[in-house]
**Q** 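This is the structure I have questions about; it appears just below.
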Amino acid sequence: MDRLDCLVADSADPLAPRRAAFSLPDGVRYLDGNSLGALQRRVAERVQQVVELEWGHGLIRSWNDAGWIELPRRIAEQLAPLLGADADEIAVTDSTSANLFKALSAARGLCPDRRVVLTDDANFPTDLYVARGLAELDPRLEVRVVPTAEVADHLDDRVGVLTLTHVDYRTGRLHDAAALTRAAHEVGAVTVWDLSHSTGALDVDLEAWGADLAVGCTYKYLNGGPGSPSYLYVARRWHDQVSTPLRGWFGHARPFAFAVDYEPGPAASRFLDGTPPVLSMAALDTALGVFDGLGTEVLAAKAAALTQTFIDLVDERCGDAAQVVTPRDPQRRGAQVSLRHPQAEALCRALIARGVIGDHRPPDLVRFGFAPLYVRYIDVWDAVTDLAEVLNNGHWGPRTP
Ligand SMILES: *Cc1c(COP(=O)(O)O)cnc(C)c1O
């Protein structure tokens, strides 16, 4: 494979036209969309309009006149096809951490006689912290953290909730969500999936998986902007049975009746709680427009092809200088490739100085994310050229012109 092959692949890429929506700085190969998705021009314009016109001029009238009150529902409608869900199964609100707390608590309520919340030791730290915090409030609950490869072996009739992050944030390893959901159901447990590193880049299909609850963030592959609100999914079959520990007025059946007594809102809407963050919601609402009409399988296919190109080129051009830790089977990885290198942090800094933006995770991993909507094959080629320059030729400083 050479540079021309990458240009040819870009010209044949059905997603290539969508890149034009993004406002990426010149000279940057942005491979960190798994941490913070890129800005789109329309999003910048929308935020400016919301601030200056809707807030500045419309003031309180904009809750209705500008449709602020509709934002969580509008966003849920746009997320639905990316999740394989219906819009009323999705609540858009809060951070992923807060939604996970609510989802775990609700899942726990579905299996009140089971003591164990099962998860794996590769889970994202916030997920482990939140689960243990819930267990502290409920002394009968035990959070069991097991090695990733042994999760299925630990499913038994004491497990009430299986909670996992679909893509390992360090290695990019992908769980078989459908198989693990099935295995959990076989022992009578329910699942809570964290899709933060999946939605917008992979073939997520909660309905096909038979998933129970799920959460995920919107500022990674969904490009909602720093700190944009998260989502919580609850399958329709549980709507009559789930309850949330955070009962805010926005999750009430009639928030503007100002009733003294709580009555949960319909479907997933009960998981809303406080006033929606309108600036972030408006940014996310516009950001999701770029996915309009796209099937998740198209996103997944591009992610698989980009990550494969990166792995092949690293093998070919960097030799043994860095080790690919991400699974080589495209069915077993997310839209991310991680390399192990003893000086991961310095390597990451050297690459950023050359315009290749990835990130590092201690102690020794450098991560590269391949957002299918705006990363090109030529970016992959150029990034590996810089990587090889640093690793093989010891060029740890900025690129010389
Ligand atoms: C990014 C990420 C989060 C983010 O949580 P916030 O509370 O929204 O900051 C949570 N879980 C996983 C697995 C993530 O990758």
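For clarity, every value in this text was computed on a predicted model and none was experimentally measured. For ligands, and for the atoms within them, numbers begin at 1 and follow the listed sequence. Start at 1 with the first residue, then count along the sequence.
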**Q** Quick one: salt bridge (charged side-chain N to carboxylate O under 4.0 Å, His left out) partners of E263, sequence neighbours excluded?
**A**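 Salt bridge (charged side-chain N to carboxylate O under 4.0 Å, His left out) list for E263, sorted by chain: R254.
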
**Q** Parallel, tilted or perpendicular, judged at 30° and 60°: which one describes the rings of F256 and W249?
**A**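 If you compare the ring of F256 with that of W249, the planes turn out perpendicular.
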
**Q** Could you label the plane-to-plane angle of the Y374 and F22 rings as parallel, tilted or perpendicular, counting under 30° as parallel and over 60° as perpendicular?
**A**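 If you compare the ring of Y374 with that of F22, the planes turn out tilted.
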
**Q** Is it true that T385 and R3 share a donor-acceptor pair across their side chains at a distance under 3.5 Å?
**A**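 There is no such pair between these side chains.
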
**Q** Using distance alone, with no hydrogens and no angle criterion, decide if D120 and H175 have a side-chain donor and acceptor under 3.5 Å apart.
**A**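 Side-chain D/A pair, D120 to H175: present.
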
**Q** List, for ligand 1, each N/O atom that has a protein N/O partner under 3.5 Å away, with both atom names and the distance.
**A**
{"from": "ligand 1", "atom 1": "7 (O)", "to": "T96", "atom 2": "N", "distance (Å)": "3.4"}
{"from": "ligand 1", "atom 1": "7 (O)", "to": "S97", "atom 2": "N", "distance (Å)": "2.8"}
{"from": "ligand 1", "atom 1": "7 (O)", "to": "S97", "atom 2": "OG", "distance (Å)": "2.5"}
{"from": "ligand 1", "atom 1": "8 (O)", "to": "T96", "atom 2": "N", "distance (Å)": "3.0"}
{"from": "ligand 1", "atom 1": "8 (O)", "to": "T96", "atom 2": "OG1", "distance (Å)": "3.0"}
{"from": "ligand 1", "atom 1": "8 (O)", "to": "Y219", "atom 2": "OH", "distance (Å)": "3.4"}
{"from": "ligand 1", "atom 1": "9 (O)", "to": "Y219", "atom 2": "OH", "distance (Å)": "3.1"}
{"from": "ligand 1", "atom 1": "11 (N)", "to": "D127", "atom 2": "OD1", "distance (Å)": "3.3"}
{"from": "ligand 1", "atom 1": "11 (N)", "to": "D194", "atom 2": "OD2", "distance (Å)": "2.8"}
{"from": "ligand 1", "atom 1": "15 (O)", "to": "H197", "atom 2": "NE2", "distance (Å)": "3.0"}
{"from": "ligand 1", "atom 1": "15 (O)", "to": "K220", "atom 2": "NZ", "distance (Å)": "2.5"}

**Q** Between the side chains of T191 and D212, is a donor N or O closer than 3.5 angstrom to an acceptor N or O?
**A**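 T191 vs D212: donor-acceptor pair found between side chains.
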
